[in-house]
Peer 1: 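Pasting a structure here, questions to come.
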2 protein chains.
Amino acid sequence: MNIGEAARASGVSAKMIRYYEETGLIAPPERSAAGYRTYGPSEIHTLTFIRSARNLGFSMEEIAELLALWRDRQRPRREVKRIVEAHIGDLEARIRALQDMTDTLRHLANACGGDDRPDCPILKRLEAPGAAPLPDAPPPSRFGAI
Amino acid sequence: MNIGEAARASGVSAKMIRYYEETGLIAPPERSAAGYRTYGPSEIHTLTFIRSARNLGFSMEEIAELLALWRDRQRPRREVKRIVEAHIGDLEARIRALQDMTDTLRHLANACGGDDRPDCPILKRLEAPGAAPLPDAPPPSRFGAI
DNA sequence: CTTGACCTTCCCATGATGGCAAGCCCCATA
DNA sequence: TATGGGGCTTGCCATCATGGGAAGGTCAAG
C-alpha cells in the first residue's frame, strides 16, 4: 500500500502521514525499491487510531501517550482514563471561555438596534477598558472549525 | 508615552503593539528623536479597543472591520451587529464541536473502570474506524486556553 | 561615568495543516 | 516502445497570534 491508498484507507492525509513520521509519532515505514513508503494493515490500524483521537480533539502529544498505552498489553487502564479526563477538563475550560464570550456578545447584540443609526452599545463596550479578559485572555478561531 | 507604558496602560503587550503596527491594524505612531515609538491617549484608546475585541474572541481581521466602523461616525450600527452575530455563529459552532467531543469522551470515561486492568473501552473505541469526524474533523487546543 | 531599565530591529518557534514546485516512478494505452 | 497521466519524493512557504531571545542603541538615576 502506497501512501495515497493508506491515506484513503485511514482518513489521514498523505501530508499528515509524512508529518507524523517526521515527528516520531509513527515509525518510518518500509520503502519500495523506488523509495516509496509502503504500509500494511497494522500501520493503517495505527493511523486510524490517530485519526480517531484527533477527531476527539487530542493533541499530538496526548496521542503519543495514548499510542504508547495502546501498544502496551500490560497497561493499566487507569492511565488511559487519566489522560482522557485531563483532556475533558481542557475541553470544558475552552467551552466555558467560548460560552462566556458568546453570552457577552449575545447580550450586546440584543442591546443593539441593528439599524442605520450610528450609536452602538457594542462599540461602546469595546472601547471601555473593562472588557473582562476572562480566565486568561483567550483568542479566536485560527482553525477551520475549532 | 513609550511602548512599555502604552502596553501597561492598554493591556496589550509591547510585542503585539509592534505586530499590530506591522500588519497595518494600527497606524505607525510618532517617534522620538531616538526612534522610540510614542503613544498618546488616543492610541491607548485604540489599543484598549483591540484588546477588548481580542478578549471576546474576534480575529484580527474582524477587529480591523470593527475598528473601521468605530472610527466612522456615520456607521450604520447594523454593520457592527452583523459582524458580531457572524462571530457568535462561529463561536457557537466551535462550542458545539467541543461539546460533542466532551460528551463522547465523558461517555467513554464512564465506561472505563480506571483500575489496573488493561482492557479499556476508550482504546477500543479509538482503534475503531468509526470515530465520528464531527462536522469537519476538528482538532485540539493550540492555545494556552482556547 | 556607570548601571540598569528600556527601546530598537531581526530572527525563530509554536501546532497541525495545506499548498506548491521540481523531479522521479509506474502503468496502461496507443 | 514511447508517451502521458497520475502518484510518489523532498523541500520550502503560509497560516494565526503570540512569545522568546540576541545584538545593539538610549535614557535617567546614582
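Just so it is clear: chains get the letters A, B, ... in the order the sequence lines come, proteins before strands, and each one is counted from 1. Note that these values count all heavy atoms, side chains included, but never hydrogens, waters or copies made by symmetry.
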Peer 1: Would you call B:Arg54-B:Glu62 a salt bridge at under 4.0 Å N-O?
Peer 2: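 Salt bridge absent between B:Arg54 and B:Glu62.
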
Peer 1: In a check of side chain to side chain contact (heavy atoms under 4.5 Å, CB included) between B:Ile3 and each of B:Lys15, B:Arg8, B:Glu21, B:Arg37, which one passes?
Peer 2: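 The residue from B:Lys15, B:Arg8, B:Glu21, B:Arg37 that satisfies side chain to side chain contact (heavy atoms under 4.5 Å, CB included) with B:Ile3 turns out to be B:Arg37.
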
Peer 1: Could you state the atom-to-atom distance from CD1 of A:Ile63 to C1' of C:dG15 in whole Å?
Peer 2: 12 Å

Peer 1: Just how far, in rounded Å, is P of C:dG15 from CZ of A:Arg94?
Peer 2: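 Roughly 14 Å, once rounded to whole Å.
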
Peer 1: Roughly how far apart are A:Glu43 CD and A:Thr38 OG1, rounded to 0.5 Å?
Peer 2: 7.5 Å

Peer 1: Nearest heavy atom decides the nucleotide; on that basis, is B:Tyr36 or B:Glu61 closer to the 5' end of DNA chain D?
Peer 2: B:Glu61

Peer 1: Please report how far the helix from C:dC1-D:dG30 to C:dA30-D:dT1 bends, comparing the axis fitted to its first five pairs with the axis fitted to its last five, to the nearest 10 degrees.
Peer 2: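 The value is 30°.
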
Peer 1: Mind calculating the distance between CZ (A:Arg54) and C1' (C:dG18) to the nearest angstrom?
Peer 2: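 Computing the A:Arg54:CZ to C:dG18:C1' distance gives 14 Å.
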
Peer 1: In the structure I gave you, are the side-chain heavy atoms of A:Arg51 and A:Met16 within less than 4.5 Å of one another anywhere?
Peer 2: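 A:Arg51 does not reach A:Met16 side chain to side chain.
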
Peer 1: Scan residues 1-22 of chain A against DNA chain C and write down, sorted by residue number, each residue with any heavy atom closer than 4.0 Å; if none is found, say none.
Peer 2: A:Ser13, A:Lys15, A:Met16, A:Tyr19, A:Tyr20

Peer 1: Return the CG to OG distance between B:Leu47 and B:Ser13, rounded to the nearest 0.5 Å.
Peer 2: 10.0 Å

Peer 1: Parallel, tilted or perpendicular: which describes the rings of A:Trp70 and A:His45, with under 30° parallel and over 60° perpendicular?
Peer 2: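 Perpendicular, since the angle between the ring planes exceeds 60°.
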
Peer 1: Can you check whether A:Arg31 has a side-chain N or O nearer than 4.0 Å to OP1 or OP2 of C:dC25?
Peer 2: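 No, no such contact exists.
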
Peer 1: In whole Å, I'd like the distance from the CD atom of B:Glu30 to the P atom of C:dC7.
Peer 2: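 That distance rounds to 17 Å.
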
